[in-house]
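Below is one structure, written out as structure tokens; the observations come after it.
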Amino acid sequence: MNRDPMPVVVLISGNGSNLQALIDGQLGGSLPIDIRAVISNRADAYGLERARRAGIGAEVLEYRGYETREAYDAALLARVRAHEPGLVVLAGFMRILSPAFVGALEGRLINIHPSLLPEFRGLHTHERALEAGVTEHGCSVHFVIPELDAGPVIVQARVPVYPDDTAETLAKRVQAQEHRIYPLAVRWIAEGRARMRDRELVFDGQPRATPPAITAEDALAAL
Ligand code: NHR
Ligand code: GAR
């Protein structure tokens, strides 16, 4: 079935390597999406440069000047909505979003988190995984709900943790997997295969318990 590409807005704070994976998928024809805009809360985010290079509108909305988180989020929501996205993608976006923002976009808002959720919600996940001595770590794409990093997982990828790993070596291994599973999850949503209902994942019409959700290995095998 041929559909129009799904309009997408990507929110970033930094490097934008996950944004790049989505841009590459769009330009390469493997992702039926139209990235309408990239919005950063930081003016120095390198991802803005990646957007401009791809001919995508790059916008900055800094927190400075806003009195409250709610006021900032209302302005951010207005900016996002102006592009009429079918999907809003958090790609290394480093601000917690208020319930009003999440509620307005629930079911159309996803995030990639650098851990095997529900383990290691929040920040500094690689350091915490090393401190905990886990032998496996990874990343998760999930629908965003108001509770932080608690929404239904769509897909995860696992990586081994080696005894001599540092947070940097581990982050690099995890990020290589992020760049595989984020485009995959976005594609499933754009194709109508994955969606959220009653805060649970529905995949190909079937409710799926999460986790373990779908591993990247299963997903890639099914392509
Ligand atoms: N918002 C909601 N409501 N729910 C989620 O699941 C969200 C979210 C906003 C961002 C991404 C996230 C992650 O993948 C994300 C998920 C920032 C923080 C944080 O503590 C935590 C998790 C995530 C992003 N931010 C600090 C804050 O006060 C600022 C930290 C900084 O600027 O360096 O917003 O882990
Ligand atoms: C990614 O590893 C992502 O999982 C993580 O930040 C990195 C952003 O990289 N996200 C969080 O930690 C959210 N709290 P990128 O800007 O190169 O895509």
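Atoms within a ligand are numbered from 1 in the order they appear, just like the ligands themselves.
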**OP:** Would you please test Ser140 and Gln156 for side-chain hydrogen bond (donor to acceptor under 3.5 Å, both in side chains) and show each step?
**Re:** CA-CA 4 Å; Ser140 308; Gln156 297 184 313; 3.0 Å; yes
Subject >> side-chain hydrogen bond (donor to acceptor under 3.5 Å, both in side chains) between Gln175 and His126, worked out >> reply: CA-CA 11 Å; Gln175 283 182 13; His126 308 303; 5.2 Å; no
Subject >> Steps toward side-chain hydrogen bond (donor to acceptor under 3.5 Å, both in side chains) verdict (His179, Ser17) >> reply: CA-CA 8 Å; His179 303 154; Ser17 67; 2.8 Å; yes
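Any N or O atom pair closer than 3.5 Å counts here, and Gln175 shares at least one such pair with ligand 2. Below 3.5 Å of separation, one finds no N or O of Leu19 facing any N or O of ligand 2. Taking distance alone, with nitrogen or oxygen atoms compared against 3.5 Å, His113 stays at or beyond that limit from ligand 2.
Using a 4.0 Å cut-off between heavy atoms, Leu97 contacts ligand 1 through both its backbone and its side chain. Contacts between Phe101 and ligand 1 below 4.0 angstrom, taking non-hydrogen atoms only, are absent altogether. When non-hydrogen atoms are compared, ligand 1 lies under 4.0 Å from the side chain of Val144 (C-beta onward) but not from its backbone. Of all the heavy atoms of Arg69, the ones lying under 4.0 Å from any atom of ligand 1 belong exclusively to the side chain. Using a 4.0 Å cut-off between heavy atoms, Arg121 makes no contact with ligand 1 at all. Heavy atoms of Asn111 found under 4.0 angstrom from ligand 1 belong exclusively to the side chain.
Close approach of ligand 2 to Met94 (heavy-atom distance below 4.0 Å) involves ligand atoms 11 (C), 12 (O), 13 (C), 14 (N). Close approach to Ile112 involves these atoms of ligand 1, each under 4.0 Å from a residue heavy atom: 14 (O).
With rounding to the nearest 0.5 Å, the separation of CD1 in Ile33 from CD in Glu191 is 11.5 Å.
Between the side chain of His113 and the backbone N or O of Phe120 there is at least one donor-acceptor pair closer than 3.5 Å. A donor-acceptor pair is defined here as one N or O able to donate and one able to accept, closer than 3.5 Å; such a pair exists between the side chain of Thr166 and the backbone of Thr169. Of the possible donor and acceptor atoms, none in the side chain of Glu178 sits under 3.5 Å from a partner among the backbone N and O of Pro114. In terms of modelled atom types and a separation under 3.5 Å, the side chain of Asp73 and the main chain of Ser98 share a donor-acceptor contact. Here the side chain of Arg42 pairs no donor or acceptor atom with the backbone of Met94 at under 3.5 angstrom. Using a distance-only test at 3.5 Å, with no hydrogens or angles considered, a donor-acceptor pair links the side chain of Tyr72 to the main chain of Leu61.
A 6.0 Å sphere centred on CG of Asp44 holds more than 12 heavy atoms belonging to other residues, nucleotides or ligands.
Comparing heavy-atom distances from atom 15 (P) of ligand 2 across Pro114, Gly92, Ser17, Ser115 singles out Ser17 as nearest. Of all the listed residues (Ile110, Leu117, Leu148), Leu148 holds the heavy atom that lies closest to atom 7 (C) of ligand 1.
Among protein heavy atoms, atom 16 (O) of ligand 2 sits closest to Gly16 N, 2.7 Å. For atom 4 (O) of ligand 2, the closest heavy atom belonging to the protein is Glu178 OE2, 2.9 Å.
At least one heavy atom of Ile112 lies less than 4.0 angstrom from ligand 2. Heavy-atom distances between Gly151 and ligand 1 stay at or above 4.0 Å for every pair.
Less than 4.0 angstrom separates atom 33 (O) of ligand 1 from none of the non-hydrogen atoms of the protein.
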